[in-house]
Asker: 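My questions will all concern the structure given below.
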Amino acid sequence: MVTGAARGIGETVARFLGRQGATVVLTDLNPQVEETARGLAADGIAAEAKILDVTDNAAVMRAAQEIGNKHGHVDALVANAGISLELTAIEHDVESWRRVMALNLDAVFFTAQAFARPMLARGSGSIVMISSISGVGISRPERHVSYDVSKAGVAHMARSLGVEWAKQGVRVNAVGPGYTDTQMLAEVGRAKPEVLQAWLSDIPTGRLLRREEIASAVAFLLSDAASGMTGHLMMVDHGYSVGKGV
Ligand SMILES: NC(=O)c1ccc[n+]([C@@H]2O[C@H](COP(=O)([O-])OP(=O)(O)OC[C@H]3O[C@@H](n4cnc5c(N)ncnc54)[C@H](O)[C@@H]3O)[C@@H](O)[C@H]2O)c1
């Protein structure tokens, strides 16, 4: 089950997991997720879509039950949906701050809670949350304190839940992507080419990450190949966070 899977990293994660043989449920607030799932199915992937606003906790709890009933159980959850509002600290108001936290932090926690409940009862499951380079440092030149705080919170949430659920067979890890080749970044590149250039010059490889490079890390952490790992934040950023980028 992947949240925010209509496009971007979520879509690619779902496709990657599907190619490994998983049955994938793509969820998103945007009804476009249905077309995305049809695209995966056309490529031979066992994919289905569910329209789901992850900030609506009652809907998330219903979805966990419905998906579990339909498929027997859910092996893995990828809490991917997230937003970033480019605002300076002074420009933030309560509404913009709450909007970012409601999706990037609260919804990640309550989605993990809803899907972990049956995993804990069964004694098996794996969860990956999507953090960011902004969760370990402050990237430039953009300004988004709410995003930075929320993504640091996601990394620490994975640590806390990873430890809390370790004896019950549920692993929780986070992936911290660097700047990734997505629609969101393409829009920035078109609107502000100088910002894209600044990012590229700070990335040790000099190029954006491919979405598949994030997806393969997520797949690894979800899989039994990572059975020794829980509570871990895996940076997938071409060395950005250990270079001068953050
Ligand atoms: N693109 C990057 O360079 C980058 C870098 C680091 C981290 N990330 C993180 O990766 C994740 C995916 O990023 P992306 O670039 O693919 O973003 P994106 O904007 O392309 O996709 C996000 C998806 O989440 C969906 N969504 C938004 N609000 C939702 C809600 N309330 N309920 C359900 N779905 C909702 C959107 O409809 C969209 O399909 C985010 O958490 C983001 O912070 C992205």
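When a ligand or atom number is given, it counts from 1 through the structure's own listing order.
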Asker: Among all protein non-hydrogen atoms, which one is nearest to atom 31 (N) of ligand 1, and what is the separation to 0.1 Å?
Answerer: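 Residue, atom and distance for the closest contact: D53 OD1, 2.9 Å.
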Asker: What protein heavy atom is closest to atom 34 (N) of ligand 1, reported as residue, atom name and distance in Å?
Answerer: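 Checked against all protein heavy atoms, atom 34 (N) of ligand 1 sits closest to L29 N, 3.3 Å.
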Asker: Is the shortest N/O to N/O distance between R7 and ligand 1 below 3.5 Å?
Answerer: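 Yes, at least one N or O pair falls under 3.5 Å.
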Asker: Side chain or backbone, does K151 bring an N or O within less than 3.5 Å of an N or O on ligand 1?
Answerer: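 Yes, at least one N or O pair falls under 3.5 Å.
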Asker: Within the 4.5 Å heavy-atom criterion, are Q168 and M119 side-chain neighbours or not?
Answerer: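 SC-SC contact between Q168 and M119 ruled out.
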Asker: Mind checking whether P177 has an N or O less than 3.5 Å away from an N or O of ligand 1?
Answerer: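 No, no N or O pair falls under 3.5 Å.
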Asker: Against heavy atoms of A6, which atoms of ligand 1 measure under 4.0 Å?
Answerer: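 Result: 39 (O).
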Asker: Let's go through V170 and S126 carefully: what are the C-alpha distance in whole Å and the side-chain angles of both, what is the deciding distance for side chain to side chain contact (heavy atoms under 4.5 Å, CB included) to 0.1 Å, and is it a yes or a no?
Answerer: CA-CA 6 Å; V170 176; S126 189; over 6 Å; no
Asker: Rounded to the nearest 0.5 Å, what separates atom CG in N57 from atom OG1 in T111?
Answerer: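 The distance works out to 7.5 Å.
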Asker: Considering V175, T182, V236 one by one, which has a heavy atom nearer to atom 1 (N) of ligand 1 than any of the others?
Answerer: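 Selected option, by shortest heavy-atom distance: T182.
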Asker: Are any of the side-chain heavy atoms of S146 and L87 separated by less than 4.5 Å?
Answerer: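 The answer is no; the side chains never approach within 4.5 Å.
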Asker: Which residue supplies the protein heavy atom nearest to atom 23 (C) of ligand 1, what is that atom called, and how far is it?
Answerer: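 Here the nearest protein heavy atom works out to G4 O, 3.6 Å.
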Asker: Geometry only, no angles: is S132 polar-contacting ligand 1 at N/O separations under 3.5 Å?
Answerer: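 Between S132 and ligand 1, no N or O pair is found under 3.5 Å apart.
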Asker: Which option wins on minimum heavy-atom distance to atom 22 (C) of ligand 1: G82, A59, G8?
Answerer: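 Checking each option, the heavy atom nearest atom 22 (C) of ligand 1 is found in G82.
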Asker: Can you find a pair of side-chain heavy atoms, one from L221 and one from V175, that are under 4.5 Å apart?
Answerer: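 With C-beta onward as the side chain, the pair touches.
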Asker: Closest non-hydrogen protein atom to atom 5 (C) of ligand 1, residue and atom name please, with distance?
Answerer: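 The closest heavy atom on the protein side is G178 O, 3.3 Å.
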Asker: Between R210 and E213, is there a salt bridge with N-O shorter than 4.0 Å?
Answerer: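 R210 and E213: salt-bridged.
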Asker: Check this for me, if you would: do R15 and D43 make a salt bridge, where the nitrogen-to-carboxylate-oxygen distance has to be below 4.0 angstrom?
Answerer: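 A salt bridge links R15 with D43.
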Asker: Using distance alone, determine whether V54 and ligand 1 share an N or O pair under 3.5 Å.
Answerer: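 V54 vs ligand 1: N/O contact under 3.5 Å present.
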Asker: Check this for me: does any side-chain nitrogen of one of D106 and R98 sit under 4.0 Å from a carboxylate oxygen of the other?
Answerer: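 Judged by the 4.0 Å cut-off on N to carboxylate O distance, D106 and R98 do form a salt bridge.
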Asker: Is any NZ, NE, NH1 or NH2 atom of the basic residue among E86 and K192 found under 4.0 Å from an Asp or Glu carboxylate oxygen of the other?
Answerer: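 Salt bridge present between E86 and K192.
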Asker: Look up atom CD in Q113 and atom CD1 in I127, then write down how far apart they are to the nearest 0.5 Å.
Answerer: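 The distance works out to 10.5 Å.
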Asker: Return yes when I83 approaches ligand 1 closer than 4.0 angstrom through a heavy atom, no otherwise.
Answerer: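 Contact check I83 vs ligand 1: negative.
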Asker: Would you say ligand 1 has an N or O under 3.5 Å from any N or O of Y179?
Answerer: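 Not met; the criterion fails.
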Asker: Are T3 and M1 side-chain neighbours, meaning at least one heavy-atom pair lies under 4.5 Å?
Answerer: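 Yes, their side chains come closer than 4.5 Å.
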Asker: Among L103, V78, D237, which one has a heavy atom closest to atom 28 (N) of ligand 1?
Answerer: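 Comparing heavy atoms across L103, V78, D237, the nearest one to atom 28 (N) of ligand 1 lies in L103.
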Asker: Give me the residue, atom name and distance of the protein heavy atom closest to atom 36 (C) of ligand 1.
Answerer: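 Its nearest protein heavy-atom neighbour is D28 OD1, 3.5 Å.
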Asker: Considering the heavy atoms of L52, write down every atom of ligand 1 situated less than 4.0 Å from one of them.
Answerer: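 Near L52, the atoms of ligand 1 are 32 (N), 33 (C).
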Asker: Identify the protein heavy atom lying closest to atom 8 (N) of ligand 1, giving its residue, its atom name and the separation to 0.1 Å.
Answerer: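 The answer is Y147 OH, 3.6 Å.
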Asker: Which protein non-hydrogen atom lies closest to atom 10 (O) of ligand 1, naming both residue and atom, and how far is it?
Answerer: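 That would be I130 CG2, 3.4 Å.
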Asker: Which is closest to atom 41 (O) of ligand 1 by heavy-atom distance: N80, V13, T27?
Answerer: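 Of the listed residues, N80 has the closest heavy atom.
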Asker: Once rounded to the nearest 0.5 Å, what's the spacing between atom CD of Q20 and atom OG of S223?
Answerer: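 Q20 atom CD to S223 atom OG measures 8.5 Å (nearest 0.5 Å).
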Asker: What orientation do Y240 and Y179 show, parallel under 30°, tilted 30 to 60°, or perpendicular over 60°?
Answerer: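 Rings of Y240 and Y179: perpendicular, as their planes differ by over 60°.
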Asker: Does an N or O from S131, backbone or side chain, lie closer than 3.5 Å to an N or O of ligand 1?
Answerer: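 Between S131 and ligand 1 (N or O atoms, distance only) the closest approach is not under 3.5 Å.
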Asker: Taking NZ, NE, NH1 and NH2 as the nitrogens, is one of them in R143 or E91 under 4.0 Å from a carboxylate oxygen of the other?
Answerer: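 Not counted as a salt bridge, because no side-chain N and carboxylate O are separated by less than 4.0 Å.
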Asker: Distance under 4.0 Å to a non-hydrogen atom of L185: what atoms of ligand 1 satisfy this?
Answerer: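 Once the distances to L185 are compared, the set is 1 (N), 2 (C), 3 (O).
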Asker: Which protein non-hydrogen atom lies closest to atom 16 (O) of ligand 1, naming both residue and atom, and how far is it?
Answerer: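 Nearest neighbour among protein heavy atoms for atom 16 (O) of ligand 1, to 0.1 Å: I9 N, 2.8 Å.
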